[in-house]
Peer 1: 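Supplied in structure tokens, the structure appears directly below.
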Amino acid sequence: MARTKASLLMMLMTAAVVAVLFALPYTPAKVVHTAVVERGDLLYTVLSGGAVGYAGQQLCLSPQMGLVRDVYVQAGEQVKAGQLLMRMDTSMQEAALAQLQQLKNEGGMAALAVVSAEWLEKEATLLQSVRLGQIRAQMDGVVEAVYAAGGDSVMQSALLLQVRSEQKCVLAQLRSADCAGIQPGAAAVLKADGRTLGCAVVQRLTAPDASGMQQAVLMPADAALLQGFAAGEAVTAELVTGMEQNCPLIPIGAVDDKNRVWYMEDGRAVCERIDVSRRSASAVAVPPEWAGRSVILRPEGLQPGCRVKEAKQP
């Protein structure tokens with residue numbers, strides 16, 4: 001009888017435990033996506049805002065105070081290097097040259113022997129003034145704007161017209177502190193509206209301005225990259241400042257907001273905090289022993305020890 005009561009009591013306890021287990025809420029395993037830690041080159045980069053511009057620009061200034069004699073081009077016109085764009089009135093200098101030549105011809109060799117040095121200096125000055133009065137294009141390009149017309153009186157260094165190249169580039173603004181590893185020839189990746197346009201190369205880097213900013217001129221590897229972009233349109237540039245080769249890397253999306261990396265162990269989520277100082281815009285270097293480990297991507301909402309299962313590959 002006692003044995004029967006004990007067996008019955010055991011059955012009741014088992015039933016109670018089963019009932020409790022069924023009453024508890026069931027938490028299904030969370031489906032996660034993973035990525036394998038692989039070795040690769042870690043690129044150290046700096047992000048910069050920029051805008052589409054032109055690779056070259058020529059500001060044509062008045063060499064001296066005077067009159068504009070002729071303007072030979074108009075805005076939007078294509079020009080070639082060396083082409084005459086505008087002529088200043090140099091009639092006084094031309095008349096002085098003619099008079100000097102006449103005196104040289106009338107004075108003969110004896111007179112020239114006495115005053116040749118003075119005359120040659122004066123002649124060179126007049127010729128230089130006439131040459132400066134001929135405003136020519138320094139490159140192939142397009143006349144962007146014309147600010148003076150024939151007959152206008154202008155001051156010295158007044159802006160007469162602008163010529164720009166037809167080749168587009170990106171003008172990126174950077175803090176001087178971020179430019180330490182950037183040299184002409186450094187690589188960059190251009191992006192706009194969340195999409196990658198392609199690669200570019202640093203053509204030159206300007207000196208810091210008063211606010212400590214520098215401008216990097218980035219030339220696209222393929223001129224077609226900026227086709228369809230107007231001057232002034234915003235473009236993001238990711239410039240390479242250094243590289244560490246053959247590192248075990250994980251995608252940046254495998255690191256949560258507490259600098260933890262999650263992975264699966266016996267069907268449970270496990271996390272470890274890591275040093276994220278060795279990172280690029282897309283990847284983070286991890287300890288060498290992590291090579292080959294699968295880490296969980298986008299680990300938002302995970303708790304240590306929670307049940308997880310890997311998503312089926314399509």
Side-chain angles (χ1 to χ4, degrees), residues 51-169 171 184 203-211 213-217 219 223 230-232:
V52 175
Y54 294 97
Q57 188 178 59
Q58 177 187 358
L59 301 179
C60 301
L61 307 179
S62 171
Q64 59 192 16
M65 184 173 65
L67 293 175
V68 176
R69 180 192 294 180
D70 299 297
V71 178
Y72 302 106
V73 293
Q74 58 185 357
E77 184 175 338
Q78 291 188 326
V79 295
K80 295 291 186 182
Q83 181 176 333
L84 184 61
L85 309 175
M86 184 179 291
R87 188 191 299 272
M88 300 294 295
D89 184 3
T90 56
S91 55
M92 293 179 60
Q93 292 87 340
E94 292 168 20
L97 274 172
Q99 185 179 20
L100 182 62
Q101 187 63 47
Q102 183 180 358
L103 289 173
K104 287 169 66 175
N105 292 336
E106 292 175 353
M109 295 302 297
L112 285 178
V114 177
V115 295
S116 60
E118 180 183 347
W119 282 21
L120 287 173
E121 183 179 355
K122 185 175 181 180
E123 184 180 44
T125 301
L126 290 171
L127 286 171
Q128 176 71 0
S129 182
V130 172
R131 278 195 296 267
L132 289 175
Q134 299 175 3
I135 312 298
R136 297 182 181 273
Q138 297 174 0
M139 59 186 175
D140 294 352
V142 176
V143 178
E144 191 166 26
V146 178
Y147 302 104
D152 287 353
S153 178
V154 296
M155 301 296 293
Q156 185 175 1
S157 299
L159 182 59
L160 302 176
L161 49 80
Q162 260 177 277
V163 178
R164 61 161 175 81
S165 67
E166 293 186 275
Q167 188 175 13
K168 291 178 181 175
C169 67
L171 306 175
Q203 184 186 63
R204 65 180 184 274
L205 196 65
T206 65
D209 60 18
S211 64
M213 298 296 290
Q214 294 182 248
Q215 186 181 77
V217 180
M219 300 302 301

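Heavy atoms only: backbone and side chains are in, while hydrogens, waters and symmetry mates are out.
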Peer 1: Using a cut-off of 6.0 Å, state whether more than 12 heavy atoms not belonging to Met213 lie near its atom CE.
Peer 2: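 Atom CE in Met213 is crowded, with more than 12 foreign heavy atoms closer than 6.0 Å.
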Peer 1: So which atom in Gln203 and which in Pro184 form the shortest heavy-atom distance, rounded to 0.1 Å?
Peer 2: O-CB, 3.8 Å
Peer 1: Any chance you could lay out the side-chain contact (heavy atoms from CB on, under 4.5 Å) test for Leu84 and Ile135, step after step, and finish with the verdict?
Peer 2: CA-CA 6 Å; Leu84 184 61; Ile135 312 298; 5.7 Å; no
Peer 1: Is Glu166 atom CD crowded by more than 12 heavy atoms from other residues, nucleotides or ligands, each under 6.0 Å away?
Peer 2: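 It does: Glu166 CD has more than 12 such atoms within range.
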Peer 1: Give the minimum heavy-atom separation between Pro63 and Leu132, together with the two atoms involved.
Peer 2: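 Heavy-atom minimum between the residues: CG-O, 3.4 Å.
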Peer 1: With no hydrogens and no angle check, is any side-chain donor or acceptor of Gln134 less than 3.5 Å from a backbone partner on Arg131?
Peer 2: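 Not confirmed, Gln134 side chain does not pair with Arg131 backbone.
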Peer 1: Which is it for Leu160 and Val154 under the side-chain contact (heavy atoms from CB on, under 4.5 Å) test, yes or no, and what are the steps along the way?
Peer 2: CA-CA 9 Å; Leu160 302 176; Val154 296; 4.1 Å; yes
Peer 1: State whether the side chain of Thr90 and the backbone N or O of Val130 hold a donor-acceptor pair below 3.5 Å, judged by distance alone.
Peer 2: no
Peer 1: Report yes or no: does Arg136 contribute a side-chain atom to a donor-acceptor pair with the main-chain N or O of Gly82 at less than 3.5 Å?
Peer 2: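 Here the side-chain-to-backbone pair exists.
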Peer 1: Counting N and O atoms only, with roles assigned by atom type, does the side chain of Asp140 sit under 3.5 Å from a partner on the main chain of Lys80, one being a donor and the other an acceptor?
Peer 2: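 Checking the backbone N and O of Lys80 against the side chain of Asp140, no donor-acceptor pair under 3.5 Å is found.
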Peer 1: Would you say the side-chain atoms of Gln93 and Ser129 include a donor-acceptor pair closer than 3.5 Å?
Peer 2: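 Checked: Gln93/Ser129 side chains pair up, N/O donor to acceptor below 3.5 Å.
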Peer 1: Identify the two heavy atoms, one from Ala137 and one from Val79, that lie closest to each other, and give their separation to 0.1 Å.
Peer 2: CB-CG2, 4.1 Å
Peer 1: Any idea which heavy atoms bring Gln74 and Val143 closest together, and the distance?
Peer 2: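 Shortest heavy-atom separation between Gln74 and Val143 comes out as O-CB, 3.5 Å.
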Peer 1: Is there a side-chain contact between Val71 and Val146 in this structure, where contact means two heavy atoms from C-beta onward sitting under 4.5 Å apart?
Peer 2: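 In contact.
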Peer 1: So, do Leu61 and Gln156 sit near enough that their side-chain heavy atoms are less than 4.5 Å apart?
Peer 2: no
Peer 1: Give me each pair satisfying side-chain hydrogen bond (donor to acceptor under 3.5 Å, both in side chains) with a member in residues 56-66, each pair once, sequence neighbours excluded.
Peer 2: Gln57-Glu144
Peer 1: Counting only heavy atoms not in Glu94 (residues, nucleotides, ligands), do more than 12 fall under 6.0 Å from its CD?
Peer 2: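 For Glu94, atom CD is crowded (more than 12 foreign heavy atoms under 6.0 Å).
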Peer 1: Under the criterion side-chain contact (heavy atoms from CB on, under 4.5 Å), I'd like the reasoning laid out for Val73 against Gln83: C-alpha separation, chi angles, the key distance, then a yes or no.
Peer 2: CA-CA 10 Å; Val73 293; Gln83 181 176 333; 4.0 Å; yes
Peer 1: Dump the intermediate steps for side-chain hydrogen bond (donor to acceptor under 3.5 Å, both in side chains) on Tyr147 and Gln162, then the final yes or no.
Peer 2: CA-CA 8 Å; Tyr147 302 104; Gln162 260 177 277; 2.5 Å; yes
Peer 1: Rounded to the nearest 0.5 Å, how far does OH of Tyr54 lie from CD of Gln167?
Peer 2: 12.0 Å
Peer 1: Would you compute the distance between atom CD of Gln214 and atom CG of Asp209 and round it to the nearest 0.5 angstrom?
Peer 2: 8.5 Å
Peer 1: How long is the span from the CG atom in Leu161 to the CD atom in Glu77, to the nearest 0.5 Å?
Peer 2: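 Reported to 0.5 Å precision, the distance equals 11.0 Å.
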Peer 1: So which heavy atom on Ala75 is nearest to which on Ala145, and how close?
Peer 2: CB-CA, 4.3 Å
Peer 1: Side chains of Leu127 and Leu97: does their closest heavy-atom pair fall under 4.5 Å?
Peer 2: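 Sidechains of Leu97 and Leu127: in contact.
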Peer 1: Please assess Asp70 against Met86 for the test side-chain contact (heavy atoms from CB on, under 4.5 Å), listing each intermediate value before the final yes or no.
Peer 2: CA-CA 6 Å; Asp70 299 297; Met86 184 179 291; over 6 Å; no
Peer 1: If you round to the nearest 0.5 Å, how far is CG of Asp89 from OG of Ser153?
Peer 2: 10.5 Å
Peer 1: Grab the two heavy atoms, one from Cys169 and one from Val217, that are nearest each other, plus how far apart they are.
Peer 2: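 Nearest heavy atoms, Cys169 then Val217: SG-CG1, 3.9 Å.
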Peer 1: Would you give the length of the straight line joining atom CG of Leu85 to atom CZ of Arg87, rounded to the nearest 0.5 angstrom?
Peer 2: 11.5 Å
